[in-house]
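Hydrogens, waters and symmetry mates are skipped; everything else that's a heavy atom, side chains included, is used.
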Amino acid sequence: MKNKLYQSLFLGITSAIAASASYALITPRNVEIQASVSSLATPSIYEETANFLGHTAELEQPIRPRKIDHVIQSGENLSSIFPLYGLDNNTLDKITKANEIGARFADLAVDKILKIELDKEYNLESLVYKKDLVHTLIASKNGDAFDVRMDSKELEETETLAQGTITSSLSNDGQKAGLSPSIINKLADKIFAWDIDFNKDLQVDDKFTVIYEQSIVDGQRFDTGEVLAAEFIISGKSYSAVRYKDKEGNVEYYSPQGKNIRKIRKTFLRSPIEFARVSSHFNLRRKHPILNRIRAHRGVDYAARSGTPIQTVGDGKIVFRGRKGGYGNVVIVQHDDKKYKSLYAHMSKFNGKFKIGSKVKQGDVVGYVGKSGLATGPHLHYEFLVSGTHKNPLTVKLPRTEPKKNKAFIARFKAQTQPYLNRLNESSTDTAEIKAEALFDKQVKKL
Ligand SMILES: [Zn+2]
C-alpha cells in the first residue's frame, strides 16, 4: 500500500516533469512509465498531482525535483538508476568505493525506496536507503567525496512465549500463535526432528508452548532469534527441549533432565537415504516379488534413482564390502557399540574411498543405489541388526548415548535452564492437567 503511494507520487512527479517539457529528463524508462500512467492511473489522481506540481512549477521556475523517492524496480541497481537523475559513473564510484560499506549499495531490494537528494547544481547531495527496520545505508557529500555509513537502530531483545493447540498443522497453528516460519522450522527440523514426526504424530488438540527470542525495534517485531525452550504435548505425552550453552560456548538443545538431544539422536540415523520413499516394509512373511514364494523380508526397501548416495546410519567400521548372492553389491557396517550392524544391498557401486576395515562416520557415503543382485529395479535394501537379529529399521528402538555429566555441569545446566523450564511448566494449566492425567494413567497401569 505504502509502495503504491510512493509509486503514484513518483509517477506524478515524472509526468509533471514531462508536462513542463522544457526541463523533462526523458529516458526510455520515463517514457515507459508515462505510457503506463496514462493507461492505468485514474485521470483524476493523475491530473490532480500533475496540476499541483505544475502549479508550483509555474510560480517558481520549472524545476527538476531535488528530492526523489525512487521505488526500486526489478533488475535495477545504482548504475541503472543514476542516469535517470542525471548522475554519472564518477559519483557512483565515489560512493560504492568509499569504504567497505559503500559496496552494500549494490544490494537493493525491489519495492524499497532509495532517497536521492540533489544540490542546486543537481549534483548528488545524499543517498539514503533503508534496508530494513533497523539498518539504513547513508551516503552524504563531504567536499569532493562521500561519507558512507550504515546506521543501525538499537534492538530491544525480549523473550516471548507463544502457545497453541493443533487444529490443522504445526505450520498453520504455529503462525496463528505468532511463531515465525523460521522458529517453526527450527522446532520441526532441528529441535524435535528425531522425537516427533510432525507429519505423522501430530494430532488435533495436541499442544505446544514455545519461548523464543524476539527483537523489537520502535515497538515493532523485527526478527526472531533462537528458541529458548519448547514443549509439545502429543497424545498426552510431553516432549520438552531447552537451549543450553556449555562452558566452551557450544549451544545445544537438552531435555529437561540434562540430556543433549542432538547427541542422543545422533547415534543412528533413521534412514540411510534422505527423502526416499519406502517401497517395501520389513515383513517376515512376504511373498518375494521375483521368487514368488514366501520369504522373509528382513529389511526396508527405499525406492531411489540409480546412483543416489547411501549413507551409513552410524559410526563404525566396514566389515563386508563385496558381492553377496541375490543382494548384489553389499556393504555391512559394524557399529561402535558392537551390538549393532547395518547392511546396504543392491548397490550400483561402492565408494572407492572405503575398504574392508575402513572406519566410517555417520553420514559417510558408503555406496550408491543400484539394482545389482536379485532386484526388479533400482532400490536400496537396508537391514539393521541388534545382537545378530534383524529388526525393523523403521521401528527399532535406537540406543541413546548419554554425555557424561558431572556436578559442575548439573549446577550450570540448572542455573541456566530452570527459569525457562519453570515458565514452560507454569505457562499452561491445560498442560499441567494433561501431565497429571498422563501420570495418573501410568500409575493406574502399574496397579
Ligand atoms: Zn529388500
(request) Drop me the distance from Leu155's CG to Gln214's CD, to the nearest 0.5 angstrom. (result) 10.5 Å
(request) Answer whether the closest heavy-atom distance between the side chains of Phe282 and Phe384 falls below 4.5 Å. (result) no
(request) Hey, could you give me the CZ/OG1 distance between Arg423 and Thr209, rounded to the nearest 0.5 Å? (result) 10.5 Å
(message) With a 6.0 Å cut-off on the ring centroids, do Tyr244 and Phe409 count as close?
(response) yes
(message) Ring-plane angle category for Tyr327 and His381, please: parallel below 30°, perpendicular beyond 60°, tilted otherwise.
(response) tilted
(request) Return the orientation label for the Tyr85 and His70 ring planes: parallel under 30°, perpendicular over 60°, tilted otherwise. (result) perpendicular
(message) I'd like to know if Asp151 pairs up with Lys153 as an ion pair, taking the criterion as any Lys NZ or Arg NE/NH1/NH2 lying under 4.0 Å from an Asp or Glu carboxylate oxygen.
(response) no
(message) Is there a side-chain contact between Phe354 and Val331 in this structure, where contact means two heavy atoms from C-beta onward sitting under 4.5 Å apart?
(response) no
(request) Before accepting this row, confirm whether a basic side-chain N of the pair Lys176/Asp173 lies closer than 4.0 Å to the acidic partner's carboxylate O. (result) yes
(request) Please tell me if the side chains of Lys353 and Ser358 come closer than 4.5 Å, counting only heavy atoms from C-beta onward. (result) no
(request) Kindly compute the distance separating NE2 (His390) from CG (Leu343), expressed to the nearest 0.5 Å. (result) 6.5 Å
(message) Would you say that Thr160 contacts Arg221 through its side chain, given a criterion of any heavy-atom pair below 4.5 Å between the two side chains?
(response) no
(message) For a ring pair (Phe, Tyr, Trp, His ring centres under 6.0 Å) check, start with the C-alpha distance between Phe192 and Tyr239, then their side-chain angles and the critical distance, and finish with the verdict.
(response) CA-CA 8 Å; Phe192 293 102; Tyr239 300 84; 7.3 Å; no
